[in-house]
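I have placed the structure first, in the form of structure tokens, so that the comments after it can refer back to it.
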Amino acid sequence: MLALTLLATPAQAFVYVGNPPLTLQVVRDEADLTSGSVDLLGVRVHKCAGGYDDYEIDEVVDPTEPFTVTIAGGNLCAVTVGWSSDLTVTNGSFVLRYEYAYTTVMLSGAAYDEEPLVPFVVDSGTFSGSKPDLRITID
């Protein structure tokens with residue numbers, strides 16, 4: 001069970017207790033992404049006091065579907081997700097490709113935090129609407 005506590009520090013640090021599940025998913029405001037593919041190398045969870053914990057995954061996943069890994073709790077500030085292939089997503093009208101090797105999401109203690117997957121390439125179709133974001137949720 002996760003307990004989220006706001007500490008009274010100038011940095012507004014958040015402490016995640018226990019071994020909370022961390023879920024990642026690529027989303028956009030239109031909620032219309034239907035499928036995708038990426039080789040998810042792993043997740044690095046950055047501690048506010050320095051250091052980090054690595055979680056090796058090395059799996060091909062559909063980034064439009066929630067993917068969950070259990071992490072160690074603590075005073076956590078950011079999550080870096082490593083990709084060992086280009087990340088692609090589609091909604092049937094377009095295919096988008098994100099070519100970067102990793103994406104870092106800063107943690108705010110909110111229900112979830114997001115980082116835009118920009119720049120991205122439109123591989124096919126006609127793109128319109130909001131950009132894709134990598135959403136991190138720690139329960």
Side-chain angles (χ1 to χ4, degrees):
M1 174 85 40
L2 168 79
L4 179 65
T5 306
L6 175 62
L7 299 177
T9 66
Q12 295 289 318
F14 292 86
V15 176
Y16 299 88
V17 178
N19 292 20
L22 178 148
T23 302
L24 61 97
Q25 181 178 13
V26 175
V27 298
R28 69 183 211 133
D29 292 344
E30 292 80 0
D32 63 349
L33 296 176
T34 56
S35 65
S37 181
V38 67
D39 189 349
L40 177 58
L41 186 60
V43 174
R44 175 172 284 180
V45 179
H46 303 270
K47 299 175 184 180
C48 296
Y52 53 84
D53 290 320
D54 282 334
Y55 301 90
E56 185 178 336
I57 297 167
D58 198 21
E59 244 180 81
V60 175
V61 300
D62 178 347
T64 67
E65 294 293 325
F67 183 88
T68 301
V69 60
T70 300
I71 62 170
N75 188 1
L76 310 178
C77 284
V79 173
T80 299
V81 179
W83 320 109
S84 60
S85 70
D86 289 349
L87 182 151
T88 61
V89 292
T90 185
N91 74 350
S93 297
F94 57 75
V95 175
L96 304 180
R97 179 170 34 94
Y98 178 71
E99 301 173 316
Y100 289 83
Y102 64 89
T103 306
T104 299
V105 178
M106 302 305 294
L107 299 176
S108 68
Y112 59 83
D113 292 292
E114 296 178 345
E115 183 64 27
L117 295 176
V118 293
F120 57 84
V121 176
V122 179
D123 275 346
S124 66
T126 303
F127 173 76
S128 65
S130 66
K131 66 195 168 335
D133 293 320
L134 174 61
R135 176 177 290 172
I136 299 291
T137 306
I138 301 177
D139 291 324

Tyr98 side chain near Pro132 side chain, heavy-atom distance below 4.5 Å:
no
I want to check something: taking the side chain as every heavy atom from C-beta on, are Val79 and Thr104 in contact at a cut-off of under 4.5 Å?
no
Out of curiosity, does Val27 fall in the hydrophobic cluster containing Ile138 (side-chain heavy atoms, cut-off under 4.5 Å, transitive links)?
no
Tell me, do Cys77 and Leu107 make a side-chain contact under 4.5 Å, heavy atoms counted?
no
I need the Leu134 CG to Thr103 OG1 distance, nearest 0.5 Å.
5.5 Å
Distance (rounded to the nearest 0.5 Å) between Thr80 OG1 and Leu41 CG:
12.0 Å
Could you tell me if the side chain of Val89 sits less than 4.5 Å from the side chain of Arg28, heavy atoms only?
no
Please find the pair of heavy atoms, one from Phe94 and one from Thr126, that lie closest to each other, and give the distance.
CD2-O, 3.7 Å
In Å and rounded to the nearest 0.5 Å, what is the CD to CG distance from Glu99 to Asp86?
5.0 Å
Would a 4.5 Å heavy-atom cut-off, applied to side chains only, mark Asp139 and Pro20 as touching?
no
For a quick check under 3.5 Å, do Asp39 and Ser84 share a side-chain donor-acceptor pair by atom type?
yes
Residue pair Ser35 / Thr64, side-chain donor-acceptor N/O under 3.5 Å
no
Rounded to the nearest 0.5 Å, what's the gap from OH on Tyr100 to CG on Leu117? Could you check?
11.5 Å
Pair listing, salt bridge (Lys or Arg N to Asp or Glu O under 4.0 Å) test, anchored in residues 101-118, at least two apart
Glu114-Arg135
Within-4.5 Å side-chain heavy-atom neighbours: Tyr102 and Val81
no
